[in-house]
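Step one of this worksheet: look at the structure below.
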Amino acid sequence: MSAIAEETRALLLSRIKDVPDYPKPGVMFKDITPLLADPKAFAALTDTLAALAVRYGATKIVGLEARGFILAAPVAVQAGIGFVPVRKAGKLPGATLSQAYDLEYGTAEIEVHAEDLAAGDRVMVIDDVLATGGTAEASLQLIRRAGAEVAGVAVLMELSFLPGRARLAPALAEAPLDALITV
């Protein structure tokens, strides 16, 4: 079963703007702000992701900083479940769980409030883009370290020319990965 109707896919894709040579020469940046500014397209995206959350049996939605917050929060509200932000290290007050991960040239770290995820939670991760998969992989590790179960991962867009899906496969451990658009 397809995660998204072809009409919805076409609507979403029509609202994503290509920006050549941003942030550096040779990069074709995919700008989702026109999609967010279009209430019909944003609603279609939210509806589609909320339906996936229900299908996955999610009890919490994790949004990855920063655009994942924009997509995940309305999905959580619509699905009637909690929203948990996963932030860059040092951005959350109080007790946190952190997870370091490798970047192409260095490392990064993400955090979640320690009390926001627990045993019995089924967590769906939402982000805007799946590229190399490092942040998503680290979020799956955080979710499991908190004692929760990964219900699935959903992204608006997957960059198929990068290894994100292959990198995530072992960390998913049979949980679904849905990309609404693949470029």
Side-chain angles (χ1 to χ4, degrees), residues 2-53 56 58 61-79 83-92 101-112 123-140 152-168 171-172 176-183:
S2 174
I4 184 170
E6 189 52 43
E7 178 181 322
T8 302
R9 184 186 320 276
L11 172 63
L12 299 178
L13 196 52
S14 75
R15 300 306 188 272
I16 297 171
K17 180 181 174 186
D18 286 342
V19 181
D21 299 321
Y22 183 82
K24 62 183 185 178
V27 173
M28 181 64 73
F29 184 78
K30 301 291 188 181
D31 182 10
I32 68 166
T33 58
L35 185 156
L36 300 174
D38 180 326
K40 183 177 178 186
F42 195 15
L45 173 60
T46 302
D47 291 346
T48 301
L49 292 172
L52 285 173
Y56 292 169
I61 300 287
V62 155
L64 303 182
E65 187 163 339
R67 290 178 297 227
F69 296 173
I70 298 167
L71 304 185
V75 170
V77 170
Q78 185 164 329
F83 167 71
V84 178
V86 169
R87 307 252 2 230
K88 294 175 183 170
K91 301 288 185 179
L92 292 172
Y101 61 99
D102 292 328
L103 299 169
E104 188 174 356
Y105 298 106
T107 61
E109 193 172 0
I110 56 173
E111 294 180 331
V112 65
V123 182
M124 177 176 162
V125 176
I126 294 180
D127 204 5
D128 64 329
V129 174
L130 175 60
T132 62
T135 307
E137 180 184 39
S139 74
L140 299 181
V153 175
V155 296
L156 168 59
M157 189 175 2
E158 178 181 356
L159 305 180
S160 62
F161 53 89
L162 293 172
R165 184 171 288 268
R167 179 176 183 171
L168 270 185
L172 284 165
L177 167 59
D178 283 293
L180 304 186
I181 297 169
T182 303
V183 295

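Quick note: residue numbers are just sequence positions, from 1.
Put simply, CG on Asp31 and OH on Tyr22 are 9.0 Å apart, with the number rounded to the nearest 0.5 Å. From Asp128, atom CG reaches atom CD1 of Ile32 across 5.0 Å, with rounding to the nearest 0.5 Å. The distance from atom CZ of Phe29 to atom CG of Asp21, rounded to the nearest 0.5 Å, is 13.0 Å. To the nearest 0.5 angstrom, Phe69 atom CZ is 12.5 Å from Ile126 atom CD1. Taking CG of Leu12 as the start and CD1 of Ile181 as the end, the distance is 5.0 Å to the nearest 0.5 Å. A distance of 11.5 Å separates CD1 of Ile110 from NZ of Lys88, quoted to the nearest 0.5 Å.
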Given side chain to side chain contact (heavy atoms under 4.5 Å, CB included), test Leu140 with Val153 step by step and report yes or no.
-> CA-CA 9 Å; Leu140 299 181; Val153 175; 3.8 Å; yes

After noting the C-alpha distance and the side-chain angles of Met157 and Ile16, does the key distance pass the side chain to side chain contact (heavy atoms under 4.5 Å, CB included) rule?
-> CA-CA 10 Å; Met157 189 175 2; Ile16 297 171; 3.9 Å; yes

Going through the distances and angles, do Val155 and Leu71 end up as a side chain to side chain contact (heavy atoms under 4.5 Å, CB included)?
-> CA-CA 9 Å; Val155 296; Leu71 304 185; over 6 Å; no

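Proximity of Leu35 to Leu156: side-chain heavy atoms (C-beta onward) are separated by under 4.5 Å at one or more points. Side-chain contact check for Val84 versus Val123: every heavy-atom pair is 4.5 Å or farther apart. Residues Leu52 and Met124 have side chains in contact (heavy-atom distance under 4.5 Å, counting atoms from C-beta outward). Residues Leu49 and Leu180 meet the side-chain proximity criterion, which asks for heavy atoms closer than 4.5 Å.
For the pair Leu11 and Ala41, the tightest heavy-atom approach, listed with the atom from each and the gap, is CD2-CA, 3.7 Å. The heavy-atom pair separating Thr46 from Gln78 by the smallest distance is CG2-OE1, 3.3 Å. Pairing each heavy atom of Ala76 with each of Phe83, the nearest pair is CB-CB, 3.8 Å. When all heavy atoms are compared, the tightest approach of Pro85 to Leu92 is O-CD1, 4.5 Å. The two residues Ala44 and Thr48 make their nearest non-hydrogen contact at O-OG1, 2.8 Å. Nearest heavy atoms, Pro34 versus Lys17: CG-CB, 4.0 Å.
Glu111 places a side-chain N or O within donor-acceptor distance of the main-chain N or O of Gly90, the cut-off being under 3.5 Å. Ser160 places a side-chain N or O within 3.5 Å of a backbone atom of Val183 that can act as its donor or acceptor partner.
The side chain to side chain contact (heavy atoms under 4.5 Å, CB included) test with Leu130 singles out one residue from Leu168, Thr182, Leu159, and that residue is Leu168.
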